[in-house]
Amino acid sequence: MDKFYLTTPIYYVNAEPHIGHAYTTLIADVMARYYRDQLSDQAVFFLTGTDEHGAKIAEVAAKNNLTPLEFCNQMSPKFRQAWKNLGIEYSRFIRTTDPDHEQNARDFLVSLKNKQALYQADYHGLYCTGCESFLLERQLTKDGFCPDHQRPPEAISEKNWFFKLADYLPVLEQLIADDQLLVAPSNSKEEVLGLLRQELADFSVSRPSVSWGIKLPWDDQQTIYVWVEALLNYWTGLRQGYGRQADPLQQGYGRQAAVQQGSLFNKFWPPDLQLIGKDIIKFHCIYWPAMLLAYYDGDTRHLPRQIFAHGFYTINGQKMSKTIGNVIDPNNLVAKYGVDGARYLILSQFPIGTDGDIEESKFTEKFNADLANGIGNLLSRVTVLVGKKIQNHESLWKSTEIISNNTRIKYDQLMSELKIFEVIKLINKIVQESDELLAATKPWQLDAVADQPAVIKTLSHVLFALTEISSYLTPILPATARAISERLNQLRLKQFDNPPLFPRIT
Ligand code: MSP
C-alpha cells in the first residue's frame with residue numbers, strides 16, 4: 001500500500017454537529033494519523049465535509065428566514081470549528097455548494113446518461129424529507145410513519161431520471177460476497193447481501209420541484225437527487241479543475257499539502273476506507289458502487305476497497321434528538337475535558353461495530369479513573385520516583401521486558417481493523433500492569449543507594465511501558481502522546497518538573 005484515501009459521510013447542515021458526527025470524524029482522524037505514521041504525511045488524504053442541498057435544508061433555512069445558501073454559510077463552519085476543536089486534521093473539507101463539486105457532479109451525471117445508465121420515468125410513491133429518501137409501504141411503522149423521523153412521508157408523483165440499478169445487482173452481490181468490495185464488520189456485510197437479494201428498485205438520480213440543488217445540464221427542470229450528489233463528493237473531492245488547484249491548503253485548512261504536483265485524483269483514487277454509520281449502508285454499499293461501475297464501464301478497480309459501518313450512540317437509552325433535548329455537543333466536551341479528554345471519552349465508550357448507550361453523567365468518572373488516576377498518575381509517580389531514587393540515569397533506559405514484541409503486533413492488527421476501543425483497553429492494561437509492578441516492588445520504600453539495582457529494574461520496566469504507551473496513543477490522543485514523550489526526554493536529561501497530565505475534574 002503506498003497511499004491511503006479515507007472519507008467520512010458529509011453531514012447535513014440542518015442541525016449543529018453532535019457527538020455522533022464527532023465519533024465518525026474522530027475515528028477517521030485516528031486512522032488518518034495512523035496511516036500518516038505508517039506511510040508518510042503526503043500519502044494520506046482524508047476527506048470530510050457538509051451536505052448542503054435538498055428539500056430538508058431548504059425547509060430549515062426558510063424557517064430561519066434565510067436563503068438556503070445563507071443558512072449553509074452559517075452552519076457549515078460550525079462543523080469545521082468543531083473538528084478543529086477536537087484536533088481533527090483533514091485534508092479537505094468539501095461543501096456540496098463548492099462550485100467545483102457542482103460542476104464535477106454534473107459531469108459525472110452527463111457521463112452516466114451518455115453511457116445509457118439513466119432513463120426517465122414517473123415515480124409514484126412515498127418520500128421522507130427527514131431522511132431525504134424514497135420509502136416503501138413496508139418500511140413504515142404500523143401508524144404509517146417513517147421509522148426514523150416519526151412522521152408520515154409525503155405521497156409524491158413526479159417525473160424522475162432513474163439509474164438502472166438492476167444491471168449492477170448481480171455483480172455487486174458477487175463482489176461483496178467475495179470481499180473484493182469489503183463491507184465491514186461482517187454483520188454489515190450480511191445486511192447488504194440481504195438487501196441485494198431483495199431485488200432493489202432502480203433509484204432516482206434527479207427530482208423536479210426541489211429547487212435547492214444542482215440542475216441537470218440536459219434537463220433544467222430537474223435537480224440532482226441530494227443523495228446521489230452527496231455520494232459523488234467522494235469522487236469530486238479529489239478532482240481538480242473548475243477553479244480548484246492541487247493543493248488543498250490553499251483554502252487555509254487541512255493538515256498538509258497532500259500532494260505538491262500532479263493530480264490528487266490520480267494519486268489517491270479509489271477510496272481505501274469509507275467510514276459511515278450503519279444508517280446509511282444501502283446508499284454507500286449499493287447505490288454508490290453501482291454508480292461507479294456504470295461510470296467506469298464495470299471496471300472494479302475503481303470501487304472503494306473497504307466500507308466500514310460503525311454502530312450508533314444512544315443517550316440514556318434514547319435516540320439523540322433535538323426534541324428530546326439530549327444531544328451532546330462535542331464542543332462542550334472539549335471545554336470541560338480538554339481536546340484529548342474529549343477525544344478519549346468519545347472513542348472509548350464501545351467497540352466500533354456495536355451500538356452503545358452512554359450517560360453523560362459518567363464522563364467525569366471515566367475521565368478521572370482512566371486518565372487522571374490512570375495514565376496521568378502513572379507518569380507522575382514515575383517522575384517523582386526517578387527524581388528521588390535514581391542516581392545513574394544511563395542504566396534506566398535499557399529494559400524492554402514488561403511489554404513483549406507481540407504487543408506491538410497486536411496493536412497494529414487492532415488498528416488495521418479500526419478497533420480503537422480495544423487499543424484503548426490494551427493501553428489501559430499496560431498502565432494497570434505498570435501500577436501493579438510498582439505496588440509489588442514498592443521502589444519508594446527502597447534505599448536509593450543500597451537498593452539501586454532493584455529500583456532501576458522496576459523503573460526501567462515502567463519507563464519502557466510509558467514509551468510504548470506514548471507511541472500507541474500517538475494517533476488517538478496526539479497531545480498526550482507528545483507530552484509523555486517529552487517528559488521521558490526530560491527524565492533522561494534529569495531536568496523535569498511534574499505538572500499533571502490530566503488534572504482531576506470534580
Ligand atoms: N448527509 C448524509 C450523508 C451523506 S454521505 C454521502 C447524512 N448526514 S447526517 O448528518 O445525517 O450524518 C449521518 C452520519 O453521522 C452517520 O452515518 C454517522 O456517521 C453519524 N451519526 C449520526 N448520528 C449518530 C449517532 N447517534 N451515533 C453514531 N454516529 C452517528 O446522513
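When a ligand or atom number is given, it counts from 1 through the structure's own listing order.
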Quiz item: Taking the side chain from Asp178 and the backbone from Gln180, do they hold a donor-acceptor pair closer than 3.5 Å?
Solution: no
Ring centres of [X] and [Y] under 6.0 Å apart?
X      : Y      : value
Phe79  : Phe93  : no
Trp288 : Tyr234 : yes
Trp227 : Phe203 : no

With a 4.0 Å cut-off on N to O distance, would you call [X] and [Y] a salt bridge?
X      : Y     : answer
Asp29  : Arg33 : yes
Glu132 : Lys56 : no
Arg92  : Asp98 : yes

Any [X] heavy atom less than 4.0 Å to ligand 1:
X      : value
Cys131 : no
Lys319 : no
His310 : yes
Glu132 : no
Tyr234 : yes

Self-check item: Over 12 non-hydrogen atoms of neighbours within 6.0 angstrom of NZ in Lys164
Solution: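 Buried by this count: over 12 neighbours within 6.0 Å.
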Quiz prompt | Within 6.0 Å of NZ in Lys366, more than 12 heavy atoms from elsewhere | solution =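 Enclosed: over 12 neighbouring heavy atoms sit under 6.0 Å from NZ of Lys366.
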Exercise. Say whether Gly277, considering both its backbone and side-chain N or O atoms, lies within less than 3.5 Å of an N or O atom on ligand 1.
Key: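 So ligand 1 has an N or O lying under 3.5 Å from an N or O of Gly277.
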Practice problem: Please say whether Ile10 places an N or O atom under 3.5 Å from an N or O atom belonging to ligand 1. | Solution: yes
Shortest protein heavy-atom distance from [atom], along with the residue and atom involved:
atom                    : value
atom 26 (N) of ligand 1 : Tyr313 O, 3.2 Å
atom 1 (N) of ligand 1  : Asp51 OD2, 2.7 Å
atom 11 (O) of ligand 1 : Tyr12 CD1, 3.5 Å
atom 23 (N) of ligand 1 : His18 CE1, 3.3 Å
atom 18 (C) of ligand 1 : Thr24 OG1, 3.5 Å
atom 12 (O) of ligand 1 : Tyr11 CD2, 3.6 Å

Quiz item: Should one rank Ile328, Asp279, Ile315, Asp355 by closest heavy-atom distance to atom 13 (C) of ligand 1, which comes out on top?
Solution: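 Selected option, by shortest heavy-atom distance: Asp279.
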Practice problem: Would you tell me which option among Ala15, Ala230, Gly20 has the nearest heavy-atom contact to atom 21 (N) of ligand 1? | Solution: Gly20
Please list, in number order, the atoms of ligand 1 under 4.0 Å from a heavy atom of [X].
X      : answer
Ile280 : 17 (O), 31 (O)
Met320 : 26 (N)
Gly311 : 28 (C)

Quiz item: Between Arg207 and Tyr225, is NZ or CZ placed under 6.0 angstrom from the six-membered ring centre and within 45° of the ring axis?
Solution: no
Practice problem: Of the side chain and backbone of Trp227, name the one, both, or neither that has a heavy atom under 4.0 Å from an atom of ligand 1. | Solution: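 Within the 4.0 Å criterion, Trp227 contacts ligand 1 through side-chain atoms alone.
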Exercise. In sequence, state the C-alpha distance, the side-chain angles, and the governing distance for Tyr23 and Phe312, and then conclude on ring-ring contact (aromatic ring centres under 6.0 Å, His included).
Key: CA-CA 9 Å; Tyr23 181 57; Phe312 254 50; 9.1 Å; no
Exercise. Walk me through it: do Lys115 and Asp297 pass the test salt bridge (Lys or Arg N to Asp or Glu O under 4.0 Å)?
Key: CA-CA 8 Å; Lys115 288 170 191 278; Asp297 305 315; 3.0 Å; yes
